[in-house]
Each structure stands twice: as C-alpha cells, then as structure tokens.
Amino acid sequence: MESVLDVVETVPRGSATTYGDVAEVVGRRLGRGGPRQVGAALRDSGGAVPWWRVVNAQGRPPAHHVTRALDLLRDEGCPLVPDGSRVDLRAARVDWDEQMDLSAGSGSESV
DNA sequence: AAGGTGACTCAGG
DNA sequence: GCCTGAGCCACCT
C-alpha cells in the first residue's frame, strides 16, 4: 500500500511535513504504521515522491541527503531557518485538514 | 520463535 | 543546541 507515498505527493511545493504527521495521517487510514514505516516507504519509493518535503520532528531532512533536500527545498522556496540548515516547520508544516480538502476537491484527483 | 535493524519520536542530561 | 537512552512498529535473517 502506498498510502504514505500518496500523502507525501499531496504536499504542496514550498511546504513540508514531518514523518510523525505523515504517520498520523496515514495511520488514520491504515490504522497502524509508525514514523519509521513512513521513512521505510519513502526509502523504498526511490524518488517517485518528493521525499525532501518530508523531514523529521527537528525540521531536518534524512541524514543521507541533508544537503540534497535542503537544496531542493530552498529552490522550491520552502521556509528554511536563517541558518538554512533545517526547515522552519512553524511556517512550512502543512495543514493536512486543508491539504486533504484541496487534494480531494481539485487537481490531483485520479479520476 | 528469537534477535537485529532502521529516511523516527520523546524525554532527560 | 547537542547527545544519550528508551519506546515504537514493520521487516529481515
């Protein structure tokens, strides 16, 4: 099941989300799945999804592609902290209540 | 069945 | 702000 990838794909450009948030949104559909499973799914997905928009609770991208993710995020205009070493979750964090409504009501629909 | 691992999170020092 | 320890769930050997 690619629910995780599905949620990550709904993350708009210039924004970001945390593994915990994705885990919670996905967990709401699957009933289980911890933050680690989110990362596992992303790792398995390869590059089929904007994994760089997914960061940990510290607003920091995966240790394997920190520079890569930060470069992409900065290029997309994602609100990073003054240091540019991590994402400003306070501003970048996606409001899933709104996001779900948007993704469900227009554009990225499979139909 | 049991043990080890990992794109995580939270709490404490 | 950074490091350590414990908890967590799914997957692999």
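Each chain gets a letter, A, B and so on, in the order the sequences are listed, and its residues count up from 1.
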Whole-Å distance separating the [atom1] atom of [X] from the [atom2] atom of [N]:
| X | N | atom1 | atom2 | answer |
| --- | --- | --- | --- | --- |
| A:L73 | B:dA7 | CG | C1' | 14 Å |
| A:L70 | B:dA7 | CG | P | 18 Å |
| A:Y19 | C:dC9 | OH | P | 20 Å |
| A:D44 | B:dT5 | CG | C1' | 16 Å |
| A:L89 | B:dC8 | CG | C1' | 14 Å |
| A:L42 | C:dA10 | CG | P | 17 Å |
| A:Q37 | B:dC8 | CD | P | 11 Å |
| A:Q58 | B:dC8 | CD | C1' | 10 Å |

I want to verify a distance call: between [options], whose nearest atom is closest to the [X] side chain?
| X | options | value |
| --- | --- | --- |
| A:N56 | B:dC8, B:dA7, B:dG6 | B:dC8 |
| A:A57 | B:dT9, C:dA10, B:dA7 | B:dT9 |
| A:H64 | B:dT9, C:dC9, B:dA7 | B:dA7 |
| A:R86 | B:dG6, C:dG1, B:dA7 | C:dG1 |

Give, for atom CG of A:L72 and atom CZ of A:R13, the distance between the pair rounded to the nearest 0.5 Å.
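CZ of A:R13 is found 10.5 Å from CG of A:L72.
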Counting only heavy atoms not in A:E24, do more than 12 sit closer than 6.0 Å to its CD atom?
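Counting other residues, nucleotides and ligands, CD of A:E24 stays at 12 neighbours or fewer.
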For A:W96 and A:T10, does a side-chain donor sit closer than 3.5 Å to a side-chain acceptor?
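There is no such pair between these side chains.
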If you look at every heavy atom in A:L70 and A:P61, which pair is closest and at what distance?
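It is CD1-CG, 3.0 Å.
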